[in-house]
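What follows is a set of notes on a single structure, which appears directly below.
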Amino acid sequence: MTRFYITTPIYYVNDVPHLGHAYCTVNADAIARWHRLIGDDTLFLTGTDEHGAKVAEAAEEHGVTPREWTDRTSARFSEAWEGLNVSNDDFVRTTETRHYDTVRDFLQKIYDNGFIKKDTYRGLYCVSCEDYYTPDDLNDGMCPVHGRGVVEMEEDNYFFQLSAFQDRLIEWYEKNPDAIRPASKRNEALSFIKGGLKDVSITRTSLSWGVPVPWDDAHVFYVWYDALINYLTALGYGEDPENVATWWPHVHHLIGKEIIRFHCVWWPAMCMAAGVEPPANIFVHGWLLVGGQKLSKSMVDDQGGPVKLTQITPASLTEDFGVDAIRYHLLRNTPLGTDGEFSIEGLTERYNSDLANNLGNLVARVATVVASKCGGTAPAPDPQSPLVAAAAQAVTSASDAWQRFAPHEALEATWRLIGAANAELENTEPWKAEPGTVDDVLGSALEVVRIVALLIAPAMPATSLEIWHRLGLSGSPEDERLPGAADWGNSLAGHDVIKGDPLFPRRKTTP
Ligand code: ME8
């Protein structure tokens, strides 16, 4: 049995989810769905990161306790993911008892192994990053990620001896060249490691909102140090070693590019220190940009005021465009690994061209002509149709692309097949033919629609199901197993094909 364990970062609950979070979560979801579709035993984890100064500050600003605030805001994340039809198997909250237990066991192990020591720490701290910077890291004295001021902090802390892992990390990445993808991000992590690693402060006394340090109750763990461990919390580390052994070798962390250092340097070193194998696969994605700027909760503009990008909540878009249209755009428009510009104009254009004119048009056209020329009953497909090869090519290319974490390529391949079917219909013009003379063409076009429904299932599960039912098929594409189910076959002949409303009514390009 092939196993596949995929995780998203756990999101801070200082504010509500925005489209950038949705980008990562929807990509992870589609990849998880693909793996279920090919029969892998799949585990998909997301969750919320609820400790630290940033969350404590947000709670105070809203006049509630951190606990009340995190309950309220974490729920907004689960609701957003439900609204986007995200199929996570688990949702970890770092305020849960199971997480406290795992953090305690994991860090006690590192402490017992002699990699945690007490010392004094001084540094410049950005509360939005929950991270220290050196003066050289700053842009005009401001945090390089958030553009906000940093504060000078001095604390008596426990330190993790990251420096002790420099050589082992280099060796690990040399032995496992695909552990970080894309390669450019692997090189970035490696050059950071080769540049020399300093020990890191991992506890706080200035803050009580955190996981208590088991061997010293004056301290809580630094938020990043507890957060990373969530990936093992979900597997029951400490409680269920068998489950950890089952899933951990198959882990794939999908993360944004700003948290490479934590995931590709700290986290593998922490694992080594605790006697756990480092994560085998880390995939780094880029940022969604609006007007060239990162979509972020805590950006400030030139005047120091908040940039109103948080107005772009996933729900505001799905209400307007539909869930699957947003999922499709997120997956298709910005390849994983690069930055991409998000705009309503771009979304509308892609909706009209790919969804209304191509997919929607193919489904509507085939059903309409089957109604008028075949009395609504599906004819058999033609085993000699030129679309047979096009379909096989689409299945091969899409499979390969999903495997490489390239949903945009998988969808491109699928849309080439849709294009080929539309072109075939335009060439043969079955709507002009005598009934009974175009069964082969229509049967083949219907077979393409069935294969397309399977191929889009990870990206657009509701649309896929709707098409499945319109083809007169029972059950759901998700119950099928690829690649076998996408072989050119004869499962539709004799079914009643339903016309239905347009799947994606055209939208005006400019308001
Ligand atoms: O960093 N474009 O949480 P966070 C694309 N709690 N993706 C974006 C994005 C954008 N504009 N903005 C955010 C944290 N993301 C920590 C993680 S993990 C142990 C702890 C996505 O709420 C992207 O995946 O700031 C990024 O890495 C993540 O949200 C950061 O979310």
Side-chain angles (χ1 to χ4, degrees), residues 4-13 17-32 43-50 52 54 77 81 86 88 90-92 94 128-131 144-146 169 172-173 176 178-193 200 223-235 247-248 250-271 278-289 294-298 330-331 334-340 404-408:
F4 184 77
Y5 175 28
I6 186 162
T7 68
T8 70
I10 49 169
Y11 304 111
Y12 285 128
V13 290
H18 60 60
L19 200 63
H21 301 125
Y23 173 69
C24 180
T25 307
V26 165
N27 270 284
D29 180 59
I31 294 168
L43 180 60
F44 169 25
L45 175 70
T46 187
T48 43
D49 188 356
E50 307 191 4
K54 180 150 76 166
F77 279 84
W81 305 152
V86 168
N88 53 300
D90 197 353
F91 187 102
V92 66
T94 57
S128 289
C129 294
E130 298 281 13
D131 196 10
V145 175
H146 295 93
L169 284 170
W172 165 259
Y173 285 124
N176 298 279
D178 290 331
I180 304 172
R181 285 177 298 156
S184 58
K185 302 300 183 202
R186 168 186 184 265
N187 296 340
E188 192 179 319
L190 254 180
S191 69
F192 181 83
I193 297 166
V200 287
V223 58
W224 264 105
Y225 222 74
D226 94 68
L228 288 160
I229 301 168
N230 87 86
Y231 305 127
L232 287 171
T233 298
L235 302 182
W247 288 102
W248 187 243
H250 309 288
V251 74
H252 291 73
H253 294 315
L254 181 61
I255 61 161
K257 66 180 183 180
E258 78 290 2
I259 52 179
I260 290 185
R261 196 155 39 93
F262 297 108
H263 283 82
C264 304
V265 184
W266 286 30
W267 178 227
M270 287 163 66
C271 287
N281 306 280
I282 301 173
F283 198 101
V284 183
H285 70 75
W287 288 343
L288 283 196
L289 307 170
K294 178 174 182 263
L295 192 60
S296 154
K297 290 177 289 213
S298 37
L330 290 174
L331 294 164
T334 306
L336 279 182
T338 61
D339 290 351
R404 289 184 287 108
F405 278 44
H408 74 290

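Atom CG in L232 sits 6.0 Å away from atom SG in C271 (nearest 0.5 Å). Here the CD1 atom belonging to I260 is positioned 13.0 Å from the CZ atom belonging to R186, to the nearest 0.5 angstrom. Note that the CG atom of L45 and the CG atom of N230 stand 5.5 Å from one another [nearest 0.5 Å]. The OG1 atom of T94 sits 11.0 Å away from atom CD1 of I229, with the distance rounded to the nearest 0.5 Å. One finds the OG1 atom of T46 at 10.0 Å from the CG atom of D90 (value rounded to the nearest 0.5 Å). Note that CD1 of I259 is 11.5 Å distant from CG of D131, once rounded to the nearest 0.5 Å.
The distance between the ring centers of H285 and Y23 falls below 6.0 angstrom. In summary, the aromatic rings of H250 and Y5 are positioned with their centroids too far apart to meet the 6.0 Å limit.
Summarising the geometry of Y173 relative to P268, their closest heavy-atom pair is OH-CG, 3.4 Å, with the distance given to 0.1 Å. Across every non-hydrogen atom of T334 and L288, the tightest pair is OG1-CD2, 3.6 Å.
Checking side-chain atoms of K257 against main-chain N and O of G286 turns up no donor-acceptor pair under 3.5 Å.
Ring orientation note: the planes of H253 and W267 are tilted relative to one another, at an angle of 30° to 60°. Under the 30°/60° scheme for interplanar angles, the aromatic rings of F262 and W266 are found to stand perpendicular. Between Y12 and W224, the two ring planes are perpendicular [angle over 60°; tilted spans 30° to 60°].
Both tests pass for R181 against the ring of F405: distance under 6.0 Å to the centre and angle within 45° of the axis.
Under the side-chain contact (heavy atoms from CB on, under 4.5 Å) criterion, D178 pairs with no residue, sequence neighbours left out.
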